[in-house]
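Below is one structure, written out as structure tokens; comments come after it.
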Amino acid sequence: MTKYLLLITFLLPAGMYGQSPAEHSGEELECTTVTVGRKASADGSVMTSHSDDSGRTRTSITVVPAKDHPAGTMKTLYRRRAAPDEKGRMPHYEFVETGQIPEAAHTYQYFNSAYPCLNEKQLAIGESTFGGRGELRSGLGLIDCSSLCMLLLERCSTARQAIRTAGELLEKYGWNDGGECLTIADRLEVWHLEITGPGTGKTGAVWAAQRIPDDHVGVNANASTIREIDLKNKDCFMASANVFSVAEENGWYDRKRDVFRFAYAYAPSTRTSIACRRREWRVFSLLAPSLKLDANSENYPFSVKPDAPVRKEDMVRVFADYYEGTDFDLRKTLTVTGDSGRTVLSPLANPFMKADELKLHRINGGWSWRGERSIAVHYTIYATILQCRNWLPDEVGGLCWFALDNVASSIYVPFYGCVTDLPQSYRTCGRETGFSREAAWWAFNRLGTIAAKRWGDMHLEVDSVWKPMQAELFDKQRAVETEALSLLGQNRRAEAVDFLTRYSSECGSTAVETAWRTGDYLWTTFDGMW
């Protein structure tokens with residue numbers, strides 16, 4: 001009987017077992033994004049990233065091609081909202097039409113994930129919700145976060161242009177979402193853009209943007225991090241015209257008495273959240289350990305200089321982290337006495353326990369404003385590491401490293417920004433199909449769910465598969481790009497795009513096949529040990 005109950009558990013998606021993260025907060029407050037300036041990275045690339053930890057968004061990624069639009073064409077916008085839970089169906093979103101705006105004469109090609117992430121011009125976007133003050137929410141606007149990402153990638157080629165365009169669109173058509181941070185990168189620089197609503201019954205938005213210095217790294221983990229802003233320094237700051245006045249009108253800032261700090265004016269509760277600030281500390285402690293930052297601080301620097309140039313491997317390590325080896329390791333109470341008499345972690349010590357398991361073991365974890373929440377979590381839908389490289393043509397320079405499900409039990413595969421197609425399994429939304437071998441997400445979700453049940457043993461098996469494969473993909477990048485550059489240098493662009501499309505598809509398909517095979521291996525090898 002136990003085995004059959006475990007089988008049912010394994011086939012349930014992460015968000016359906018125990019309490020989903022959205023139930024804790026009423027918002028989709030579960031994403032982490034890390035940013036890297038070009039002088040802080042090992043290869044000179046600008047990087048942004050995103051772990052979509054919602055447990056509710058769609059699992060697919062598709063290519064939306066560039067397009068020319070006749071004058072007068074209108075674009076319909078939609079607002080995403082949590083759909084009512086239905087028996088037998090995974091938690092999901094439904095989409096409500098908010099209105100129409102004029103379409104751009106020409107739109108760029110981009111990757112359409114739950115939050116569109118990269119376009120053909122090497123403009124890249126990460127996302128992290130911070131919620132903010134409830135009284136700032138307005139239902140009158142036409143634009144939510146996902147729609148804004150799409151509009152910026154369709155219309156813009158640089159981060160500064162994207163921020164200015166966001167300001168213009170939001171002032172005219174209005175923001176209907178909670179507080180959001182978009183981390184926007186291009187070939188040369190990366191910015192954090194934080195947006196809140198204008199207030200109940202109003203149209204527009206309040207926003208501020210701050211640039212990450214070229215030799216620094218930054219992080220947003222569901223908390224507003226922009227504090228003092230100096231609008232005279234146009235190279236580092238931008239903001240909406242109402243950024244001070246809205247705070248003054250609501251009594252959140254007195255210009256005669258206070259130093260204006262965006263985070264404390266518009267999202268003060270996020271600065272006291274353990275679930276948020278602990279991740280900020282962990283990212284900086286992994287990339288700049290020499291700073292010896294206090295894990296219990298309320299505030300950290302907006303950005304820091306890393307101790308060593310940041311590699312793609314470092315980014316993977318950050319997003320796979322669950323505080324292992326620290327005082328905040330969620331496994332720390334699950335210990336056993338070994339044959340030697342030493343107390344060690346149990347093989348069942350699982351950093352990805354669901355809400356009821358955490359309560360059972362009296363661990364203060366899971367998604368809550370007061371509880372611990374590691375960077376890697378079981379309810380991740382997908383994650384990206386986005387590279388923008390100014391020394392390469394756009395066809396090669398813009399690169400999305402894409403992982404599905406929990407990063408700690410997954411792998412990042414390369415999708416170049418110019419590709420015309422992606423593997424069918426990545427284009428298939430597992431949230432719509434239910435459990436299906438046709439959807440790539442299910443291969444990784446099943447693998448991660450099985451591995452978490454006996455993490456102490458099984459994660460070693462998973463690592464033995466993914467780590468060498470990930471290293472091979474990183475090592476092969478130079479040879480693949482050299483071939484593509486050779487074709488471009490011979491004015492054979494179509495062949496270069498086809499070559500990169502086939503390579504990206506092969507990488508994705510191989511990863512999915514390996515995930516299914518590894519899941520089967522764990523299921524049979526550890527049979528009888530659960």
Side-chain angles (χ1 to χ4, degrees), residues 43 45 47-50 52 58-66 108-126 153 185 312-313 315-316 319 381-389 392-405 407 410-430 438-441 443-444 466 468-488 492-516:
D43 64 357
S45 63
M47 288 188 274
T48 186
S49 55
H50 177 207
D52 182 359
R58 65 186 178 87
T59 69
S60 55
I61 180 171
T62 58
V63 176
V64 178
Y108 297 125
Q109 175 176 302
Y110 66 94
F111 285 140
N112 189 24
S113 41
Y115 293 90
C117 59
L118 176 70
N119 75 7
E120 63 178 303
K121 296 296 183 180
Q122 299 197 56
L123 181 68
I125 302 179
L153 291 174
K312 298 183 291 294
E313 292 87 347
M315 294 288 276
V316 173
F319 280 99
I381 298 297
Y382 70 90
T384 60
I385 297 171
L386 304 164
Q387 289 188 277
C388 307
R389 298 172 289 175
L392 293 171
D394 292 336
E395 291 86 353
V396 178
L399 178 56
C400 170
W401 293 94
F402 191 82
L404 283 166
D405 203 67
V407 173
S410 189
I411 185 172
Y412 286 88
V413 295
F415 294 154
Y416 285 86
C418 70
V419 302
T420 56
D421 200 6
L422 295 171
Q424 177 63 42
S425 62
Y426 281 84
R427 290 186 277 118
T428 301
C429 180
E438 304 304 314
W441 181 76
F444 295 96
W466 289 142
M469 185 179 291
Q470 188 74 82
E472 181 181 1
L473 289 174
F474 288 158
D475 290 344
K476 198 173 180 180
Q477 183 180 356
R478 181 185 296 274
V480 168
E481 292 174 359
T482 298
E483 175 64 23
L485 290 171
S486 175
L487 292 169
L488 290 170
R492 297 159 63 185
R493 183 183 185 278
E495 292 178 55
V497 170
D498 180 65
F499 168 72
L500 291 173
T501 299
R502 285 187 284 106
Y503 175 70
S504 292
S505 293
E506 289 167 4
C507 292
S509 297
T510 299
V512 172
E513 292 167 5
T514 304
W516 284 119

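In this chain, residues are counted from 1 in sequence order.
- With sequence neighbours excluded, no residue satisfies ring pair (Phe, Tyr, Trp, His ring centres under 6.0 Å) with Phe319.
- Applying the side-chain hydrogen bond (donor to acceptor under 3.5 Å, both in side chains) criterion to Ser410, with sequence neighbours excluded, gives no partner residue.
- In terms of the side-chain contact (heavy atoms from CB on, under 4.5 Å) criterion, residue partners of Gln109 (sequence neighbours excluded) are, by chain and number, Val63, Ala66, Glu120.
- For the atom pair SG (Cys418) and CG (Leu500), the distance works out to 4.5 Å, reported to the nearest 0.5 Å.
- For Glu495, the side-chain hydrogen bond (donor to acceptor under 3.5 Å, both in side chains) partners at least two apart in sequence or on another chain are Arg492.
- The two residues Ala484 and Ala496 make their nearest non-hydrogen contact at O-CB, 3.8 Å.
- Rounding to the nearest 0.5 Å gives a distance of 5.5 Å between CG of Leu123 and CG of Leu153.
- In this structure, Gln122 CD and Leu392 CG are separated by 7.0 Å, a value rounded to the nearest 0.5 Å.
- Proximity of a side-chain donor or acceptor of Ser504 to a complementary backbone N or O of Pro414 within less than 3.5 Å is detected.
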For residues 468-475, run the donor-acceptor check on the side chains, cut-off 3.5 Å, and write out each pair with its distance to 0.1 Å, sequence neighbours left out.
residue : atom : partner : partner atom : Å
Gln470  : OE1  : Tyr412  : N            : 2.9
Gln470  : NE2  : Tyr412  : O            : 3.0

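- When all heavy atoms are compared, the tightest approach of Ala124 to Leu118 is CB-CD1, 3.9 Å.
- For Arg58, the salt bridge (Lys or Arg N to Asp or Glu O under 4.0 Å) test picks out no residue, with sequence neighbours left out.
- Atom CD of Glu438 is surrounded by 12 or fewer heavy atoms from other residues, nucleotides or ligands within 6.0 Å.
- Listed by chain and residue number, Gln387 satisfy the side-chain hydrogen bond (donor to acceptor under 3.5 Å, both in side chains) test with Trp401 (two or more places apart in sequence, or in another chain).
- Under the salt bridge (Lys or Arg N to Asp or Glu O under 4.0 Å) criterion, Asp498 pairs with Arg502, not counting sequence neighbours.
- Taking 4.5 Å as the limit, some side-chain heavy atom of Met315 sits within range of a side-chain heavy atom of Ser49.
- With sequence neighbours left out, the ring pair (Phe, Tyr, Trp, His ring centres under 6.0 Å) criterion links Tyr426 to Phe415.
- Residues Arg427 and Ser60 share a closest heavy-atom pair of O-CB, 3.6 Å.
- Residues Thr48 and Ala185 approach most closely at CG2-CB, 4.0 Å, considering heavy atoms.
- Leu422 has its side chain within reach of Phe111: a pair of non-hydrogen atoms, C-beta onward, lies under 4.5 Å apart.
- The shortest side-chain heavy-atom distance between Asp405 and Trp441 falls under the 4.5 Å cut-off.
- Across Pro116 and Ile125, no two heavy atoms sit closer than the pair O-CB, 4.2 Å.
- For the pair Val512/Pro423, no side-chain contact is recorded, criterion being any heavy-atom separation below 4.5 Å from C-beta on.
- Under the 4.5 Å side-chain criterion, counting only non-hydrogen atoms from C-beta, Val419 is not in contact with Tyr503.
- In terms of the side-chain hydrogen bond (donor to acceptor under 3.5 Å, both in side chains) criterion, Tyr110 has no residue partners (sequence neighbours excluded).
- Using a 4.5 Å heavy-atom cutoff, the side chains of Tyr382 and Ile61 are not in contact.
- Annotation: salt bridge (Lys or Arg N to Asp or Glu O under 4.0 Å) contacts of Glu395 (sequence neighbours excluded): Arg493.
- One finds the CZ atom of Arg478 at 11.0 Å from the CG atom of Leu485 (value rounded to the nearest 0.5 Å).
- Tyr108 pairs by the ring pair (Phe, Tyr, Trp, His ring centres under 6.0 Å) definition with His106, not counting sequence neighbours.
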